[in-house]
Structure formats: C-alpha cells, structure tokens
Amino acid sequence: MSGLESQLPVLLVAVPLAGAALVAAVGHWVPRILADLTAIGVAAATAVGAVWLVVGLGSGRVVCWLGGWDPQPAGKDGSARESVGIALVADRWSAALAVVAAVVVLAGLLFTWRYFEETSATYHGLMLAFLAAMSGFVLAGDLFDAFVWFELMGAAGYALAGMRVEEPRSVHAALEFGVVNTLGCSFSLVGITLLYARTGELNLALVGERLHDRPPDALVGLTFALLLVAALVKAAVVPFHFWTADAEAAAPTPVCAVLSGAMVATGVYAVARWWWTLYDGVLSAALAEHLLLGLGTATALLGAVLCVCQRHVKRLLAYSTISHVGVALLGVGLLGPAGLTAALAYLLGHACTKGPLFLGTGVLLNQYGTVDEHALFGRARGHWLTLSVFVLGGLGLAGLPGLGLWWGKASLEHTLTTEHLAWLVAVVTVSGALTSSAVLRAAARIFFGLGADPRERAEETATEEHEEQGEVTRGVAALMLAPAWLLLALGIGLAVVPDLHRAGETAGEVFTDHHGYAAAVLRGASGAVHAEHHALWTGSSLALAAVALALSLVLAAAWLWGPPALGRTRVVGALRASVDALHGLHRADLTEQVGWLVLGSAVLAVVLGR
Amino acid sequence: MTDWILGLLVLLTAATATVVVLTRDPARQAAVLSAYGLMLALTMVALAAPDVALSQIGVGTAAVPLIVILAVARCERAVRASQADRAGRVGRPGDSAGDDQERERS
Amino acid sequence: MADVLPWLLYAGAGWIFLAGLYGLVTSRHLVHTVVCLSVTQSATYLLLLAVGWTRGGTAPIFADIGRHRRVVDPVVQAMTLTDVVVGAAMTALLLALSVQVAKRRGCVDPRLLRSLEQESEEERGRPAPGRSG
Amino acid sequence: MRRRLPLVLGAVGAVALAVVGVRAFLGLPGAGEVPHPYAARAVAAAYAHTTPNAVVSVTLDQRGFDTLGEEFVLLAAAIGTVLLLRRLAEEAHEDRPHDYGPEDVFEAVRLVGALLLPAALLVGGYVVLHGHLSPGGGFQGGTVLASGLYLAYLAADYRTLERLGPPGVLDTAEGVGALGYAAVGFAGLIGGSAYLANDLPHGVWNSLLSAGTVPVLNVAIGLEVGAAFVLVVAKFLEQALLVPREDGDDGGDRDATAGEGEH
C-alpha cells in the first residue's frame, strides 16, 4: 500500500468529522445550499475513499497507528510490538461496511436536498458526524475507541431521530432510543473496564493475545456478555429491539434509511469483530454458537410476524429490518468464515434494499402526508417511479436472484445446509417471504388499490394529515428517488458480479483469521489466506429462491383477498390471538424496555459467564 | 490512614447515589444530584485522580444539576398547561399536547 | 482495611450501578429517568478508577514528583475523563428530548406516555397514522 | 401484572447480574497486583514528550483519537440540543426572555457577580493553558469558563448573558474549536508523520510552551467546551423562561428558579 493508501483508514474518519465541524461552524453564515453541497461533497469523498480502500486492500490488512505512536520494531524473538497509540485496522469486510455507511448517508443527504424545507446546517453536521462514527467504529482496532464511536453514533442518532420536535411521536421515540442505547453503552463500558483489569491492554489484538495466557473463567464470559449487550442493542436483536420500531416509524425518512440501513449493520459487525479478535479460541465456540443462533432465530421470526400485521409502512419496514438483522445474526452465529461472509454480504444487500424502500416511503409521505396503508388505498395510482422502488425492494427482501439480498441469502443457505442446520434454512426463507409479502401487499394496496377497500370497514374520517412539506411535482419525485435507484443499482451489482463473491469469501477468511489479525497488528506480518469458493447460482439456491418468492406472492395474495371466512377458523383465530399478545407486549414503555434490557443482559451473563 | 478516608468516601458516595435514585421529585433530585457530584469528585481525589475530579466538579456539581432544574421547570409548566388546557378547555395553543384527546387523564 | 478496600471499591461501583437501574425501572418522571441514567453511568467512573488504583500510588502528575514514584494508572483516568464528558453530553441531549416530550404530550410519566400513544391510535380507529415523516 | 412488569424484569435481571458479577469479580486480582503494562508505557511516553501531566498526555497525545471522538460527541450533543430546543414558528407568540427589563437584582449580588466574572474567566484560562503541567486541561478549563458566564446571568439578567455570548457566535466558536482539533490532526498528517502526531517542539520540562501540540489542543477543546456549555445552558434557560404572553404571570415563575410546582 502506497503512502496515502496506508493513511486512508484515518481519512475515512477524519474527513467527515472535519466536514461536520465546518458545517456546524459556518452553518449560520452561509446559505443552506452551501451546507447541502458541502455535506454531499464530503459524503461522496468518503464513499470514494472507502471504495478505493476496499479495492486497494486485496487479501491483506492496513494497520494505521495514530498520533505517530508506531510500536517499537518487532522484538528479536518476534515478541508482540506494543504501543500506547490507537490502531485503526482495515480489512476488506470492514472497509466494505464503511462503503455502505458512506453510500447510505450520501443517499440520505441527496434525498434531503428536496425533502425538507427548513433544515438548519445542524442536520448536515449531525449526518456527517453519524457517518464518521460508523466508519470510525468499523475501522477501530481499539476497544475504548470503539466505545467512543458507539456513543457518537448514539448522540447524532438521537438528535436526528427527534429532529421534528412538533411531532409528539418522534420526540418520544427518540427519547426511548436514547435511554436504551446509552444504557447499553454503559454495560459495554463495564465489560471493557473488566477486560482492561484482566489484560492491562486496550488494543484488540493485544487483549486477544493476553486472554490466551490464562484459562477462561467467569470474568471473560461476563465481559463478552456485557460487550454483546451494546452490540445487540444497536443491532435491534430480541430482547433489546423495542426501540427500533418506534424510532424508525417516527424519525425523518432519510434518518430512518441510515438507521436501518447502516447502523444496525454495525451492531452485527461488532458481534463478529469482538468474537474473532478477542474470544476465538478462548470461550467455548459451541456455547456462543447456540446462543447467537437462538437469538437470531427468535429475532428473525418475531420481526417477520410483527412486520406483517403493521399498517404504518415505516413501522412495517422497521420490523422487517429487525427480522433481517436476525437472519444476518444466524450467519455470524455459525462462527465460521463462510457464515461470516454470508452474514456481512446479507447486511450489505439489506442496506441496498431497505434504504430505497424507506426513501420511497418518504416520497409517498411527501405527496400524501401519510404512510398508512389504508389511508393511501389506491391513491398513488400511476406513480410508476415510486412503484418500481417498492416492487424491486419487496421482491429483493424475498431474495430474488439478481437483487441485493441474493448474494447473502444464497451463500447463507448454502453454509447452513453444509453445517447440517437445514431447519434454519426454513427460518431464513419464511422470514424473507413474510417481510416481502408485507411490502408487496402494501404496494398493491397503495399503487393499484387491490384487495378489499379497507375504508368501508373502518369508518375513520379522512383526517387531513399535517404534511411534511408542500405538494411535489413528478420531476421532484424523480430527483428524490434517484438515490433510491443508486442503492438498488448497487444491490444488483452486489448480486451479479461474480468476482465480488470470490473476493468476499477470501475476505471472510481474512476477517476470521484470529492469528493473522494478531500477526498483522502486533508483528506486521501478513500471511497468505486460502479460501474455498462455491458457486452461487446453483440449482438448490435458485430452487430455494423460487420457493421464497412463491410463498411471498401467495401470502401477499392471502392478505389482500383472503376470504373473511378464513379469518374465523380456529387456527387463524388462535394465531391472531397470539399475534395480538405479541403486539401488546411490544407496546412496552420506557421502564419496560429497560427491564427487558436488564433481563436480556442477565441471560447473556448467566449463559456465557459459567 | 488514606485507606480509611477512601473507604468512607466510597460508602458515602454509594449512599448519596441511593438517595438521588430514591428522590422522586426531580426538582429536589437536582439538589441531591449536585451533592452526589461533589461526593463523587471527593472520592476521585481520594483515588488520586485530580483531573477527573476537576471535570466532575465542573460538570456533575455545576452544569448538569442546573440543566436538570431548568428542564424540570419547563416540564412542570408544560404539564400544568396541558392540565389547565384539558380542564378549562381553554383553546390556548402552544405547549398543550398536540393530540386532541378530550378524555380526562387519570 | 488493607485487602478489603479494593473489594469495597468494586462493591460501591456495583451498588451504584444497580441503584441507577432500580431508579430507571421504577421511574415515574422523565427527568428522574434521565438523572438515574446518569447515576448508572457514574458507576462506571468509579469502577474505572477502582481498577486503576494501586495502594500507595499518587496522582500521575510528574511536575513535582520523581520519575520512579509509585503512581496510579493514567490510562484509566483518561478513559474516565472521556466517560465524564460523554455522560454530560448524553444527559443534556436526553433532557432536551424530555422537555420536548413534556411539551408535546403534556405528560412526563413514562408509563402514561405509552398509554397516551395507544389512546391516540385507538381513537383514530387505526394504528399509528403516518403523521410523522 | 403489567404495572409491575418492569420491576419484576429488572429485579430478576439485577439479581442474576449481581451473582454472575460477584463470581466474575473474584477473578480480578487485588489492588496491588493489577497488571498495568500499558500504564508503564504511557508514563514513559509522557516523559518522552516532556508532558508532566501523564493523564493529559494520554488523553491528548497518545490516545488523541479518542478525545477527537469525545469532542465530537460533545459537539453533536450541543448542536443536537440547540436543534431540539429551537423555538418553532407556532411558538413565536411566547414572550422572548430578553424582553424582560433588567432584573431587580440586589446590588450586592450584582457587585459580587461583576467581581467574580473576570476571576472565573481568568481561572478558566489558567486551567486550560496549564493543562499539560498541572491537573486540568481543555475540558476542565472550558467548564470553568462556562460557569463564569452563568455568573453573568445570575448576577444580572438574561440580556447580559446573551450580550456576552450571543448564540450565533457561540455556535461558531464551538464549531471552530472542534475544527481546530481536527485541523491540528491534519497538520500532523501533512507534516508527513501521522494523524494527530505531536510534531511541534516539545520544549523544556515544566515550561509553559512544552509538550508540543498538547497545549494547542487544550486551547481548542477549551474554546469548544466553554461555548458548548454556555449554549446548552442558555437554550435551557430560554425554555424555562418562556411564559405565554396572555396570562403573563402564570404562577410567578418568571425568574429562572424552578417554579413552585404544586405536586
């Protein structure tokens, strides 16, 4: 790596930070158009830098010691080089997540260009700070540094989510989002403190190496449980997921796209990074695998079931995000290179599918002032532009070959079958089909007015909703949907470019190479990595995709034209009662969410802290 | 000798923290929070951490309790205004809750 | 007192952490919730400094003490400094949100706030209309 | 049952956490034997860069990237609070706080305030500038500077505070402080070594101009923290002082002290 390339990881964090400070400083004095341009320019530059880093990395790692504190040269006996500085370690997968974060924030900023009338420069400053926090987190090679970027992600996220203070629901959701995430970060800080007490180090590689000096005991298990709490709260995994539906239903649309596209991905990434650098070979892999697979399954199914019975499109998409994060956690839970590649590819694809769906919903809200499926029944006929985003997004969620999620879903199903966990393949397929059917049902109702017209049944008055901004012409809608298509095109690129898949598998080997990571950071060595590649477009994966799509279409049809008689049968009645109970549970207020967080962390501590 | 002082300070800090948590009225809680911030700063001095004690005094004893008092003042007025608004049905815009439910809240 | 002090430090930090959690879980006022959250965070300050403390160690300010004087751990203090700043920033931000919730909902009890939202949903005859962006 | 659900969840969780916590903490070594290899290296590095205050050396020199993140957490929180507490168009009818006449503050309080303000600013400046020599630093000095300006409000009235620190200028000062920190980082990068590298001359031990970039970063942080805290408190003051014009004396909470809300 040439001089500048070796400094790229720092630039990916420092440039957005400087941009945020600049926008915050001159925000008052310059016209808003300049703040827009600066923010979009900085986000675009970060995206380009991240892509350059991914391309330039090959199958190695870039270790960048900050503050000029390069560790002393490797000792004669090859002993670990130690330094007092902070290391940023970039391998291909962490750089790829930085690309996704930059692209999703860029799409949000481009969307905002025509979306908000009165935004101060603060919005742009917070979005850039959010971007810097995410790229800082995925590149951090230091435990406490990761904690600081987690908190910055939180601070910018709470302010952005609660930005529209005239909406009671958005400030309430932002407050719950804030309290739960800050508490999760406090739990992880206790974990970091205990790790520092045991090993005396903060660098991920050094801590991982010191943990091998003694047999693992309750302390090591407890630290992993506490670190997991912050990661799983950010990733919205059961039972820490209550804040997601409210925060993403009430936040402004571009913020929703960033939260569910990029931020949840950093939570799942955190679980993988901390396992492979700290606890691989220390804690029992079987225990961690069972725990993560259990959490992933519960999250995937719960998210999918609740997603289907939502009528508010953004809340529907929020529960679909929870479901897809659960599926990605299954990949990480396999604790293998192939599983990891599948999980991170799934997250990349999910960002390129869920982001456009949120932006499409934003256009609907912009034009009709509401995103309630029943209130919008048949009102958006003829809007082909927005319809295309919804259809592509909906089919993409089911894993249509060639769209964003195809790469992640196909390789995950392949890995699950080779690991003899065929029943998990069913979980993946069912949750994908459920979420996709919900989106297709919403699209069918809104754009075609199919199915029974709900407005006869419910006698609500057509309360004219407070619109986010004024009427929007077709041309403006096209401009606002351009970033959505950008993301969809990126998703298609992910699915069809074959050498991306091979590079991904090699990068998965590099990511999960515990000793290679320690060697690169501590001794500057870079070993060769061998990865076996498997074809993606195989008969079985295409068959599974066909099953998922068929199931999704059948379910969508069932929601739209399901005979009322079907509703009264005992089976559906019992099902509906259990779903209503689940729904009631999800009206947890702030104190209940904290209660669930404490109970969840206790379960993790008991399971891992044996 | 310093061990005793440190032990005593930690116990006092833990006790003050319990009092902060058990004070249900937020206005009074701000005052106890300020005392708690001071106790925490003294414990930090006993733990030989002067820098942290100085920042804890600046933040925990002065700035945050001041913000808490001001936030409480604003919240109380908002709650009073909405009760008055709901009771008297005085159609006063501003800080009454956006939702127009008329039912008398418990 | 000699060997019981470290455990007293850890126990104190643990007690404050659990006290903060108790306050969070039984809170009936949003500002009370945010203050209890800052108490929970302040427990991590004590734990951090307790981990770095060594008996007989003085503050790591070498302006007037010798190079080889026994000092407590400066890295832990740097982490605690950052934690104090982050704690204050979060408290200010969450208090601002609490004020806005109180203004918009006219209610500051977390338990009633959730029922208010349900009321508004049921009243409109359909869940969560898309008023918000 | 639903009413007591959070307490039950929290209690069960807390008990389990406590049990596992105690078992785990038994694995921790006692006070004396906690290994501190990082601390030993940090002290050596502080001496290498002639920074007597090892804590500030770790904070700003060795782990400067952490503090960069921390400053931006503070910046994001401050501009977030200003964004969240901004006054919307429909609230314009409410009385602007600085429409108040000069408060009838006792002469003694006004005198003490007038005397203490310069003292507070002086102490704050001292703490910022001597951060690398004695306990203190950018953040601690910043809070002292900010408390100086609260004095201006308590001793006089809101208009004085707004004259001393108008929000527009404070916002810019905050952004410039954070930008200064990031710029010093870039200077290290452009200087050929690394981001946030301490390339300035390290000077003589215990002298004011020593420890390279540490004092410069302290000044940047002091500027940002001072501006951030005054801005946040001013925003909360403005919220607490807003009184709807019609009924004017709504419970007499015109001054900043908490209204005697009858609970």
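Nothing here was measured: the structure is a model prediction, and the numbers come from that model. Lettering follows sequence order; numbering is per chain, from 1.
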Quiz prompt | Pairing residues for D:D171 by the salt bridge (charged side-chain N to carboxylate O under 4.0 Å, His left out) criterion, not counting sequence neighbours | solution =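 Testing D:D171 for salt bridge (charged side-chain N to carboxylate O under 4.0 Å, His left out), a comparison that skips the adjacent residues, returns none.
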Quiz item: Does D:Q140 reach the main-chain N or O of B:G58 with its side chain, forming a donor-acceptor pair under 3.5 Å?
Solution: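 Looks like no, no N/O pair under 3.5 Å.
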Quiz item: Is a donor on one side and an acceptor on the other found under 3.5 Å between the side chain of D:N218 and the backbone of D:G137?
Solution: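 No, because the side chain of D:N218 does not come within donor-acceptor range (under 3.5 Å) of the backbone of D:G137.
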Self-check item: chain B contact via D:V127 - side chain, backbone, both or neither, heavy atoms under 4.5 Å
Solution: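 For D:V127, the side chain is the part near chain B, not the backbone.
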Exercise. Identify which one of D:N206, D:T51, D:V214 satisfies the side chain to side chain contact (heavy atoms under 4.5 Å, CB included) criterion when paired with D:L133.
Key: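 Only match with D:L133 under side chain to side chain contact (heavy atoms under 4.5 Å, CB included): D:N206.
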Quiz item: Can you pull out the residues in residues 54-61 of chain D with any heavy atom less than 4.5 Å from chain B?
Solution: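 Listed by number: D:V55, D:V56.
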Quiz item: Looking at D:G142, D:P135, D:G131, which one has more heavy-atom pairs under 4.5 Å with chain B than the rest?
Solution: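 That would be D:P135.
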Self-check item: Among D:N53, D:V144, D:V225, D:L85, residue most engaged with chain B (heavy-atom pairs, under 4.5 Å)
Solution: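 Sorted descending by pairs with chain B, the first entry is D:N53.
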Heavy-atom pair with the smallest gap, counting every atom of [X] and [Y]:
| X | Y | value |
| --- | --- | --- |
| D:H132 | D:L208 | NE2-O, 2.8 Å |
| D:A227 | D:L170 | CB-O, 3.6 Å |
| D:A146 | D:G226 | CB-O, 3.9 Å |

Practice problem: Output the residues of residues 41-55 of chain B for which the shortest heavy-atom distance to chain D is under 4.5 Å, in residue-number order; output 'none' if no such residue exists. | Solution: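 Under the 4.5 Å heavy-atom cut-off, B:P50, B:D51, B:L54, B:S55 qualify.
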Between [X] and [Y], is any pair of side-chain heavy atoms under 4.5 Å apart?
| X | Y | answer |
| --- | --- | --- |
| D:F229 | D:L145 | no |
| D:F72 | D:Y181 | no |
| B:L70 | D:Q239 | no |

Exercise. Sequence neighbours left out, what passes side chain to side chain contact (heavy atoms under 4.5 Å, CB included) with D:V82? Give chain and number order.
Key: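 Checked D:V82 against side chain to side chain contact (heavy atoms under 4.5 Å, CB included); matches are D:L231, D:K235.
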